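Down below is the structure, laid out as structure tokens.
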Amino acid sequence: MAINKDYEDIPGTFVFDADRARIGYHLNQFCISLSKAENRDAFKTDPEAHMAKFPMSEEQSQAVRDRDWNRMLELCGNIYYTSKLAAFDGINFQQLAGLMTGMGDSYREMMVNGGRPIAGNRYKHEWKED
Amino acid sequence: MARITAGVGCSHVPAIGVAMDQGITEDDYWKPVFAGFEKSREWMKEAKPDVIILVYNDHCTAFDSSIIPTFALGCAAEFQPADEGWGPRPVPVVKNHQVMASHIAQSLILDEFDITIMNEMDVDHGLTVPLSVMYNQPTEWPALVIPLAVNVVMYPAPTGNRCYNLGKAIRRAVESFDEDLNVVIFGTGGMSHQLQYKRAGLINPEWDKDFLDRLTSDPVGLSQMPHVEYMREAGSEGVEMVMWHVMRGALDDEVTEVHRHYHVPASNTAVGHIILENKS
């Protein structure tokens, strides 16, 4: 019997469960490699050669090339991993959140004003998208 | 005999460490974050723990996706601050009470908590930021530190109930150690925050406040909260809060809240902090 994924109705969220961890494994291992200086150097020198060390799917590789942060998450990347690629590009967590939410600089302003409220953000049916 | 006398709950937001390391804690943005830790630093001077058992989560630093232990106890002599992609934090090396750590490891496993033993491990901001906010910037950490890493990155994290009961087992392990030591246990992470995807930036101060209240008034009930409630109400990364139950389980049933601090935001996160003392 399948495990009940009672967390799949949370909007705008991926829960990095065992299935996602399996599918995202090589993408995430590529990203985390960038926490080591020698790998950052290798990726800087020859991005494709460094990426080729990790057998990601072509879609995952393309999302990396495109720096499509949400696509990486959709393809089972995890934020703690993709944030290493962002850091490589000089993008910090808060700027990355601005990119993922499409809010840009207004994201920081939202946080200073208390963050995204919980009301209306609990269930997918409360969002028009998803 | 060694005794656990108090518990500390504390967020570990990496940007807090960066602010301290860059010396910008007096800026308008950061000042209210750090103001709430002034009393805590005084309290630490009074409490003077010999050993801190620091329950924290690693952020794919010591454990990438290749190995994901649910509970991993640091048993090495010392732990270096890790390079998380922007160079190691300029903070002291973390030194262990190695004899006690190996005693706790043995005791926990015989108590049916099948923990992983780490004899080599670097520690990331999850461990060093709580030390920084509580101790400021000493040249050496004033206490020995036994790290206990909990997986909260890959779902599922251990349940709140499991964490609470692990706290009880840690207490038994500490109290069966002969050396006369004052031990303080830290539960870290949280509070409400979501770092990822389109709902990033979620903050739920009412939920956070209720969590802080119930650490004193209803710790057992609080430990029964299902994961989905953390993730829905406090953000996908809010599930880190299960680590606070390890701290709470290691304390007396009756505790006194001696300090609390709550502030929004630090970067993407609600900062929460509490100090609980055993009544006995």
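A, B, ... follow the sequence lines: proteins, then strands. Residue 1 opens every chain. It should be emphasised that the depicted structure is a prediction, and the values quoted were computed from it without experimental measurement.
- Between Q29(A) and S66(B) the shortest side-chain heavy-atom distance falls below 4.5 Å.
- Between the side chains of Q196(B) and T13(A), not a single donor N or O lies within less than 3.5 Å of an accepting N or O.
- Residues of residues 17-29 of chain B placed with any heavy atom under 4.5 Å of a heavy atom in chain A are listed by number as Y29(B).
- Sparse packing is recorded around NZ of K36(A), with 12 or fewer heavy atoms of other residues, nucleotides or ligands lying under 6.0 Å away.
- Side-chain contact of D64(B) with Y81(A): a donor-acceptor pair under 3.5 Å is absent, judged by distance alone.
- Distance CE/M111(A) to CD1/I203(B): 4.0 Å, rounded to 0.5 Å.
- Using a 4.5 Å cut-off on side-chain heavy atoms (C-beta onward), S267(B) and Q94(A) make contact.
- Using non-hydrogen atoms only and a strict 4.5 Å limit, the part of residues 215-237 of chain B facing chain A consists of V228(B), M231(B), R232(B), E233(B), S236(B), E237(B).
- Side chains of Y197(B) and T101(A): no donor on one and acceptor on the other come within 3.5 Å.
- Residues forming a ring pair (Phe, Tyr, Trp, His ring centres under 6.0 Å) with Y164(B) (at least two apart in sequence, or on another chain): none.
- Contacts between residues 125-134 of chain B and chain A, counted as heavy-atom pairs separated by less than 4.5 Å, involve no residue at all.
- Contact detail for I118(A) and R199(B): the closest heavy-atom pair is CD1-NH1, 4.2 Å.
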